[in-house]
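Report on one structure; see the data block that follows.
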Amino acid sequence: MSVKIGFSYSRTKLSGWLTYIFTGSFAYHVFIVDDETSKMYDMHLLMRRRSWPHYGDNANIKLVESPVPISSEYMERLLDTSESVYGWKDYLLFGLRPIFHLFGKSTRNVGGMICSELVYDILRENGWPVEFNEVPSPADLERALVK
């Protein structure tokens with residue numbers, strides 16, 4: 001499986017600007033692309049699979065090679081078994097991340113996963129040794145993966 005990690009950037013969407021304000025990067029979304037099957041896997045309220053290229057020929061997308069091999073079977077098994085649902089409370093807590101940091105606290109989720117948490121978990125489960133102290137943002141993964 002030829003796997004890439006994709007990052008979506010935007011200087012026009014509110015999500016891009018909010019991410020920039022809180023993280024210093026316009027990378028507001030991260031996902032996995034399987035070049036061999038032309039499938040994209042990401043987290044958007046629920047884990048989902050989309051046809052790739054879902055975004056078309058978009059200059060706001062950057063793809064980088066996955067640092068670890070990930071099989072199509074593994075990704076499909078995740079789709080069959082994922083029970084994560086990301087809701088408004090999770091988004092709110094993640095947006096309040098800087099306030100948590102002021103008090104020396106880590107951001108937590110109410111029960112769902114954000115896109116970068118899903119990608120991070122997939123990379124870790126497949127042997128990526130990089131660790132973060134808390135749920136990484138798309139910008140955290142971008143800094144770790146984009147050279």
Side-chain angles (χ1 to χ4, degrees), residues 1-10 13-20 22-98 100-101 105-147:
M1 178 172 174
S2 176
V3 177
K4 293 188 174 53
I5 309 301
F7 295 90
S8 297
Y9 302 85
S10 179
K13 290 184 179 182
L14 178 60
S15 53
W17 277 100
L18 287 174
T19 306
Y20 177 76
F22 292 118
T23 68
S25 170
F26 285 99
Y28 69 92
H29 189 58
V30 60
F31 51 91
I32 293 175
V33 172
D34 177 352
D35 276 344
E36 291 177 12
T37 63
S38 297
K39 299 292 180 195
M40 171 186 140
Y41 300 88
D42 73 341
M43 189 71 188
H44 183 71
L45 302 180
L46 298 170
M47 186 176 172
R48 66 183 178 174
R49 174 188 54 236
R50 313 244 356 190
S51 294
W52 181 258
H54 171 67
Y55 294 104
D57 185 21
N58 192 323
N60 295 322
I61 301 290
K62 182 182 287 186
L63 296 175
V64 297
E65 292 294 328
S66 172
V68 293
I70 303 168
S71 72
S72 297
E73 294 79 19
Y74 174 84
M75 294 304 297
E76 291 298 316
R77 188 170 52 255
L78 283 181
L79 281 172
D80 290 340
T81 60
S82 176
E83 294 180 6
S84 183
V85 177
Y86 198 75
W88 68 269
K89 292 176 185 175
D90 295 294
Y91 277 105
L92 178 63
L93 282 176
F94 194 76
L96 296 174
R97 183 179 183 167
F100 278 84
H101 290 185
K105 303 287 184 188
S106 179
T107 309
R108 65 180 191 82
N109 285 343
V110 177
M113 280 191 206
I114 61 170
C115 58
S116 52
E117 184 177 12
L118 175 70
V119 170
Y120 177 59
D121 284 355
I122 290 168
L123 291 172
R124 294 280 299 153
E125 289 174 10
N126 285 278
W128 196 44
V130 175
E131 292 190 33
F132 294 95
N133 292 331
E134 62 183 358
V135 174
S137 69
D140 294 329
L141 288 177
E142 175 192 37
R143 283 188 282 276
L145 294 169
V146 177
K147 307 292 184 229

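The model shown is predicted, which means the values in this text are computed figures rather than measured ones.
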**Taking every non-hydrogen atom, the tightest pair across L141 and S116** = CD1-O, 3.4 Å
**Message:** My understanding is that only residues two or more places apart in sequence, or in another chain, count here; which of them pass side chain to side chain contact (heavy atoms under 4.5 Å, CB included) with S10?
**Reply:** T12, K13, Y28
**Item:** Test log, rule side chain to side chain contact (heavy atoms under 4.5 Å, CB included), inputs I5 and F7
**Value:** CA-CA 7 Å; I5 309 301; F7 295 90; 4.0 Å; yes
**Prompt:** If every non-hydrogen atom of P136 is compared with every non-hydrogen atom of D140, which pair is closest and at what distance?
**Reply:** CA-OD2, 3.3 Å
**Item:** Residues that K62 engages under salt bridge (charged side-chain N to carboxylate O under 4.0 Å, His left out), provided they are two or more places apart
**Value:** none
**Any residue meeting side-chain hydrogen bond (donor to acceptor under 3.5 Å, both in side chains) with R77, in chain and number order, not counting sequence neighbours** = none
**Asked** Among all residues two or more places apart in sequence or in another chain, which pass the side-chain hydrogen bond (donor to acceptor under 3.5 Å, both in side chains) test with E76?
**Response** Y41, R49
**Fill in**
Rounding to 0.5 Å, atoms CG (D35) and CH2 (W52) come to a distance of 9.0 Å
**Asked** Does the side chain of L63 come within less than 4.5 Å of F31's, by heavy atoms?
**Response** yes
**Fill in**
Between A139 and S25 the two heavy atoms that sit nearest each other are CB-CB, 3.6 Å
**Complete:** Note: D42 and H29 closest approach over all heavy atoms is OD2-NE2, 2.8 Å
**Message:** Within this structure, what is the CD-CG distance for the pair E73 and L78, rounded to the nearest 0.5 Å?
**Reply:** 12.0 Å
**Message:** Within the structure provided, determine whether Y74 and V3 are in side-chain contact (heavy-atom separation under 4.5 Å).
**Reply:** no
**Request:** State which residues pass side-chain hydrogen bond (donor to acceptor under 3.5 Å, both in side chains) with R124; sequence neighbours excluded, sorted by chain then number.
**Result:** none
**Request:** Only counting residues at least two apart or in another chain, list the ones meeting ring pair (Phe, Tyr, Trp, His ring centres under 6.0 Å) with Y20.
**Result:** W17, F26
**Non-neighbouring partners of R50 that pass salt bridge (charged side-chain N to carboxylate O under 4.0 Å, His left out), sequence neighbours left out** = none
**Asked** Is there a side-chain contact between I114 and M43, using heavy atoms and a 4.5 Å cut-off?
**Response** no
**Request:** Measure the spacing between OG1 of T37 and CE of M75 and express it to the nearest 0.5 Å.
**Result:** 9.5 Å
**Prompt:** How about D34 and I70: do any of their side-chain heavy atoms sit closer than 4.5 Å?
**Reply:** no
**R48 CZ to L118 CG distance, which is reported to the nearest 0.5 Å** = 11.5 Å
**Item:** Non-neighbouring partners of Y120 that pass ring pair (Phe, Tyr, Trp, His ring centres under 6.0 Å), sequence neighbours left out
**Value:** F132
**Message:** With side chain to side chain contact (heavy atoms under 4.5 Å, CB included) as the criterion, how do V30 and C115 come out once you've worked through the C-alpha distance, each side chain's angles and the decisive distance to 0.1 Å?
**Reply:** CA-CA 6 Å; V30 60; C115 58; 3.9 Å; yes
**Request:** Please tell me if the side chains of T19 and S137 come closer than 4.5 Å, counting only heavy atoms from C-beta onward.
**Result:** no
**Message:** According to side-chain hydrogen bond (donor to acceptor under 3.5 Å, both in side chains), who are the partners of E65, at least two apart in sequence or on a separate chain?
**Reply:** K4
**Asked** Backbone N or O of P69 within a donor-acceptor pair of the S66 side chain at under 3.5 Å?
**Response** no
